[in-house]
Amino acid sequence: MNPPKHIAIIMDGNGRWANARKHNRVYGHIRGAKVAYNIIKHCAQSGIKNLTLFAFSTENWQRPKNEVSLLMSLLIKHLKKEMKTLVDNNIKFNTIGDVSELPPEVQELITDTKRNTQQLDGLNLTFALNYGGQQDILHAFKKIIALKEEGKISGDDINQELISKYLQSAFLPNPDLIIRTSNEKRLSNFFLWQSAYSEFYFTEKCWPDFSTNDFDLAIAEYLGRNRRFGKVPSTPTRESNNLYG
Ligand code: IPE
Ligand code: IPE
Ligand code: MG
């Protein structure tokens, strides 16, 4: 099995982690942000090409106002603080999701961070912010319908490839591996189209406890799997002893 080209993580369990320690949920988010920093750096140093982190879903607006604003403040704090870390580690910053609904200060920092890291060609780091898989597909449909109405494409041009091209993740390969922490086994509206043949890795650990070693364990398990894509099985092989090829 080749090393994964794209790993996506549903960083879940911050609130439960904090509550189990008699802390407020927001404390879990503060600790979770530190874990995200460690995983991003580890990924960049390991030579993985694409990492996507699900940080805020289209449904997460329904949380208490103070939790949503804490999450936005954390984004502001870390984007400001880690701009240099991204540049020093050759990390290109991208987002998927409708950032136009985020607070103006977050939007400005996202624009600055994208601009400052645009030329970098190490890790492609994508934050899914105000992202929903159904909304992504709906958005692509609307664009395709508009193209058809303008006469730029015919009905026969509409195929899987075209739909993928109009998804917000068009600049990324489909995720090879999707990791979700905190023992929840669902997608929660993440990468619905893109996960058709993704491998899933679930761990009981909540996100604030997820370590770089846990990340390597997920990759090791992935490397031992046999992805068949609907074809007949091939003998599982390891092409390299190095986790990252
Ligand atoms: C993940 O942790 C972070 C976000 C969704 C922003 P949660 O906040 O969902 O934590 P739990 O799942 O309630 O424990
Ligand atoms: C998914 O987690 C969203 C993120 C990790 C950003 P949730 O905690 O929002 O998902 P549910 O509510 O458990 O399905
Ligand atoms: Mg959760």
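Atoms considered below: every heavy atom in the structure, side chains included; atoms not considered: hydrogens, waters and symmetry mates. Just follow the structure's listing: the first ligand is 1, and inside any ligand the first atom is 1. For reference, positions follow the sequence shown, starting with 1.
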Before accepting this row, confirm whether a basic side-chain N of the pair Asp209/Lys205 lies closer than 4.0 Å to the acidic partner's carboxylate O.
-> no
Check each atom of ligand 2 against the heavy atoms of Phe56 and keep those under 4.0 Å away; list them by number with element.
-> 6 (C)
Sub-3.5 Å N/O-N/O distance, Gly13 and ligand 1 | yes
With a 4.0 Å heavy-atom cut-off (strictly under), which part of Arg25 contacts ligand 1: side chain, backbone, both or neither?
-> side chain
Centroid separation His42 to Phe215 less than 6.0 Å | yes
Identify which one of Thr126, Thr52, Asn50 satisfies the side-chain hydrogen bond (donor to acceptor under 3.5 Å, both in side chains) criterion when paired with Asn94.
-> Thr126
When only distance counts, is Gly15 in polar contact with ligand 1, meaning an N/O pair under 3.5 Å?
-> yes
Before signing off on this row, confirm whether Arg63 and ligand 1 have an N or O atom pair separated by under 3.5 Å.
-> yes
Tell me which protein heavy atom sits closest to atom 9 (O) of ligand 2, plus the residue, atom name and distance to 0.1 Å.
-> Asn60 ND2, 2.9 Å
Would you say atom 13 (O) of ligand 2 has a protein heavy atom nearer than 4.0 Å?
-> yes
Assess Ser182 for proximity to ligand 1: is some non-hydrogen atom of it under 4.0 Å away?
-> no
Distance-only donor-acceptor check, side chains Asn66 and Ser69, under 3.5 Å = no
Atom indices of ligand 2, in the order listed, that fall short of 4.0 Å to a heavy atom of Ser188 = 1 (C), 10 (O), 11 (P), 14 (O)
Pairs in or reaching into residues 169-195: which pass salt bridge (charged side-chain N to carboxylate O under 4.0 Å, His left out), with residues at least two apart or in two chains?
-> Asp12-Arg180, Arg16-Glu184, Asp176-Arg227, Glu184-Arg186
Do Phe127 and Phe93 have ring centroids that are under 6.0 Å from one another?
-> yes
Test salt bridge (Lys or Arg N to Asp or Glu O under 4.0 Å) applied to Glu105 and Lys80, step by step | CA-CA 11 Å; Glu105 195 180 355; Lys80 277 186 186 160; 3.3 Å; yes
For atom NZ of Lys142, decide whether the heavy atoms of other residues, nucleotides or ligands shown that lie under 6.0 angstrom number more than 12.
-> no
Nearest neighbour of atom 2 (O) of ligand 2 from the list Met11, Arg16, Gln62, Arg180, on a heavy-atom basis = Arg180
Proximal atoms of ligand 2 relative to Arg186 (non-hydrogen, under 4.0 Å) = 11 (P), 13 (O), 14 (O)
Heavy atom under 4.0 Å from ligand 1: found in Asn19's side chain, backbone, both, or neither?
-> neither
Give the atoms of ligand 1, by number and element, whose distance to some non-hydrogen atom of Asp12 is under 4.0 Å.
-> 1 (C), 2 (O), 7 (P), 9 (O), 10 (O), 11 (P), 12 (O)
Atom pairs and distances, side-chain donor-acceptor, residues 166-173, under 3.5 Å, sequence neighbours left out:
residue	atom	partner	partner atom	Å
Gln168	OE1	Gly97	N	3.0
Ser169	OG	Gln194	NE2	2.8

Would you call Ala55 a ligand 1 contact, heavy-atom distance under 4.0 Å?
-> yes
Donor-acceptor contact below 3.5 Å, side chain Asp214 vs main chain Ser211 = yes
For Asn189, enumerate each residue passing the side-chain contact (heavy atoms from CB on, under 4.5 Å) test, keeping only those at least two apart in sequence or located in another chain.
-> Thr58, Glu59, Gln134, Gln135, Leu192
Nearest neighbour in protein (non-hydrogen) for atom 3 (C) of ligand 2 = Phe54 CE2, 3.7 Å
Does Glu221 come within less than 4.0 Å of Arg225, counting only side-chain N to carboxylate O?
-> yes
Using 30° and 60° as the class limits, which term best fits the ring planes of Phe200 and Phe202: parallel, tilted or perpendicular?
-> parallel
Checked the Mg ion (ligand 3): protein N, O or S atoms closer than 2.8 Å come out as Asp12 OD1
